[in-house]
Amino acid sequence: MSDDVHEIYAIRYGHHDRKASENFIGGDPHDVLQPLDFYVWAIVGPKGVIVLDTGFDAAMGKKRQRELIKPVGDGLKAIGIDPAAVETVIVSHMHYDHIGNYDLFPHARYHLQDCEMAYATGRCMCHAALRAPFEPDDVVAMVRKVFAGRVAFHDGEDEIVPGVTVHHIGGHSKGLQSVRVKTRRGHVVLAADAAHLYAHLTSGRIFPITYNVAEVVEGYERLGRLASSPAHVVPGHDPLVLARYPAAKPGLEGWVVRLDAEPKA
Ligand SMILES: [Zn+2]
Ligand SMILES: [Zn+2]
């Protein structure tokens with residue numbers, strides 16, 4: 001393995017059945033179900049394992065009425081990753097489904113955009129409409145990590161290790177960052193919530209939870225420029241990801257897939 005080429009695993013941990021109309025500003029003309037899946041991602045390279053996002057746990061799933069399918073730690077262990085040994089976690093943004101399980105990575109340093117922490121702890125949280133996807137305990141847990149010397153802040157674009165860079169996109173949350181990873185098939189972009197579903201990218205429509213609509217649609221174009229092709233952009237909540245990519249190994253179908261592998265035809 002060349003020293004900047006990485007493997008990527010998408011690990012599904014949760015699920016939420018919902019109507020298509022709930023996934024787009026302005027609704028959707030089709031009265032069909034369009035569920036969301038919940039993922040964390042493991043990026044494995046010569047400098048070790050980087051985990052993108054930490055998911056939510058059973059208690060939060062119950063509180064938010066989202067189904068926890070398999071705990072995040074179980075998914076990582078299924079591909080041989082010991083969470084206690086992980087040293088690097090990238091946080092795409094601070095919504096409840098991306099920063100839970102605070103104690104799962106006791107030795108990790110967390111990488112976060114400056115403006116996401118400012119957003120999640122500042123005046124915008126005075127407004128119910130803006131704070132809805134945030135959980136105060138999650139935010140406090142991240143503040144505690146800052147004081148413990150376990151957070152690295154980024155402002156815009158930065159390199160985490162050779163071959164892995166973060167890119168501030170904003171839009172869905174003020175400090176949302178996506179991650180670009182060099183792999184054997186080219187540059188794959190883990191959008192996280194810069195694009196929830198493939199349908200958002202292909203139709204230019206917008207998920208209802210949004211800080212800034214202009215940044216969302218500009219973000220779609222940015223993701224496309226960062227990736228080697230449109231097929232190299234991986235949305236953050238689409239069940240189709242599990243269908244399009246091969247299982248990490250036999251027995252993990254529908255749970256863990258390889259994103260550095262060519263998608264199925
Ligand atoms: Zn989000
Ligand atoms: Zn999300």
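Please read these numbers as outputs of a predicted model, since none were measured by experiment. As the structure lists them, so they are numbered: ligands from 1, and atoms in each ligand from 1. Side chains included, hydrogens not; waters and symmetry mates left out as well; all remaining heavy atoms used.
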Exercise for the section: Can you spot which of Arg66, Arg64, His237 makes a side-chain hydrogen bond (donor to acceptor under 3.5 Å, both in side chains) with Asp97? Expected result: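 Per the side-chain hydrogen bond (donor to acceptor under 3.5 Å, both in side chains) rule, the option paired with Asp97 is His237, out of Arg66, Arg64, His237.
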Handout entry: Neighbouring protein N, O or S atoms of the Zn ion (ligand 1) [cut-off: under 2.8 Å, no waters]
Key =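 Counting only protein N, O or S atoms under 2.8 Å from the Zn ion (ligand 1), the list reads His93 NE2, His95 ND1, His172 NE2, Asp193 OD2.
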Practice task
For the Zn ion (ligand 2), find the closest N/O/S atom on His237 and give its atom name.
Solution key: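 This residue's closest N, O or S atom turns out to be NE2.
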Practice task
For Asp260 and Thr183, indicate whether the former's side chain and the latter's backbone hold a donor-acceptor pair under 3.5 Å.
Solution key: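 Flag not set: sc Asp260 to bb Thr183 has no pair under 3.5 Å.
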Problem - Donor-acceptor pair, side chain of Gln113 and main chain of Val166, under 3.5 angstrom - result: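 No: the side chain of Gln113 does not pair with the backbone of Val166.
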Handout entry: Neighbour count >12 (heavy atoms, 6.0 Å) for atom CG, Asp17
Key =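 Above 12, so yes.
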Practice task
May I ask you to decide whether Asp28 forms a salt bridge with Arg205, counting only side-chain N to carboxylate O separations under 4.0 Å?
Solution key: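 Here Asp28 pairs with Arg205 in a salt bridge, since their nearest N and O are under 4.0 Å apart.
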Handout entry: Qualifying ring pair (Phe, Tyr, Trp, His ring centres under 6.0 Å) pairs with a residue from residues 240-265, counting only residues at least two apart or across chains
Key =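 Counting only pairs at least two positions apart or across chains, no ring pair (Phe, Tyr, Trp, His ring centres under 6.0 Å) contact touches residues 240-265.
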